Amino acid sequence: MPYNVVISGCVEYAVVSLQAAGQALTFYRALGHKPRLFYSMSFDHLGDEIDDDGNPLRQHTSMTAADFAEYLKGFRQVRYTRDLDFDPPVLLAQLFKVFGAYKGQERLIAELHYQGGSEQPVEIRVCTHLLRVTQGLMALEDL
């Protein structure tokens, strides 16, 4: 059964079609649970988490500056570091990494990409798994 609906680390439902998995997700969400969907051919190894449409979850997702500012309110001791290894010889682009404390441990929150001398990032890439933890869709120990 390749689609596994997981709640709190336990397989609650396993089906062969994405449509049936979607119905199970809807059912468990209506009960107030925070299910996650994995694709796998084996119960021993659940494989990668996928979204409701069956697409693999990427490591990063883009976010607007306003949404990012709101998201940062959930962290303590937020700090920015410049990734000097990323910067090309001419200041055409810069990469800043954003770290913050969540539940007592410092974690990488996002990467900010700047072009030239712009004051606003052209892209804010937020770590998807940490975002899901803050939303209650993934357990902190799964990071």
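As the structure is a computational prediction, the values presented were derived from the model and not from experiment.
The side-chain heavy atoms of Cys127 and Gln59, taken from C-beta on, include no pair separated by under 4.5 Å. Using a 4.5 Å heavy-atom cutoff, the side chains of Tyr39 and Tyr3 are in contact. Side-chain contact between Glu106 and Arg79 is present, with at least one heavy-atom pair separated by less than 4.5 Å.
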Intermediate values then yes/no, side chain to side chain contact (heavy atoms under 4.5 Å, CB included), Arg36 and Arg132:
CA-CA 10 Å; Arg36 297 164 60 199; Arg132 292 176 63 75; 3.9 Å; yes
Verdict with reasoning, Met63 to Leu131, per side chain to side chain contact (heavy atoms under 4.5 Å, CB included)
CA-CA 11 Å; Met63 189 177 278; Leu131 177 63; 4.2 Å; yes
Let me see the working for Phe96 and Tyr114 under ring-ring contact (aromatic ring centres under 6.0 Å, His included), right down to the final yes or no.
CA-CA 8 Å; Phe96 285 83; Tyr114 290 84; 5.5 Å; yes
Lys34/Arg29 under side chain to side chain contact (heavy atoms under 4.5 Å, CB included): CA gap, chis, key distance, verdict
CA-CA 6 Å; Lys34 307 270 183 175; Arg29 286 181 182 139; over 6 Å; no
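Dense packing is recorded around CD of Gln135, with more than 12 heavy atoms of other residues, nucleotides or ligands lying under 6.0 Å away.
Using cut-offs of 30° and 60° on the angle between ring planes, the pair Phe75 and Tyr71 is perpendicular.
Side chain of Asp51 to main chain of Asp53: a donor-acceptor pair is present (N/O by atom type, distance under 3.5 Å, no hydrogens or angles). Checking side-chain atoms of Arg58 against main-chain N and O of His60 turns up a donor-acceptor pair under 3.5 Å.
A distance of 4.5 Å separates CD of Glu12 from CD1 of Ile7, quoted to the nearest 0.5 Å. With values rounded to the nearest 0.5 angstrom, Ile50 atom CD1 is found 4.0 Å from Leu37 atom CG. The line from CD1 of Ile109 to OH of Tyr102 is 11.0 Å long, rounded to the nearest 0.5 Å. With rounding to the nearest 0.5 angstrom, the CZ atom of Arg76 is 11.5 Å from the NZ atom of Lys103. Atom CZ of Arg125 is separated from atom OG of Ser62 by 7.5 Å, given to the nearest 0.5 angstrom. Atom OG1 of Thr134 and atom NE2 of His129 lie 13.0 Å apart (nearest 0.5 Å).
Under a hydrophobic-cluster definition in which Ile, Leu, Val, Met, Phe, Trp and Tyr are linked whenever side-chain heavy atoms come within less than 4.5 Å, directly or via other members, Leu25 and Phe27 are assigned to the same cluster. Criterion: ILVMFWY side-chain heavy atoms under 4.5 Å apart, direct or through other members. Under it, Val98 and Val122 are not part of a common hydrophobic cluster.
Cluster partners of Leu108 are Phe99, counting Ile, Leu, Val, Met, Phe, Trp and Tyr whose side-chain heavy atoms approach within less than 4.5 Å, directly or via other members.
For the 3.5 Å distance criterion, the side chains of Gln105 and Arg107 qualify, holding a donor opposite an acceptor.
Evaluated for a side-chain contact (heavy atoms from CB on, under 4.5 Å) with Tyr13, the options Val5, Val6, Asn4 yield exactly one hit, Val5.
Of all heavy-atom pairs between Pro121 and Leu112, the closest is CB-CB, 4.2 Å.
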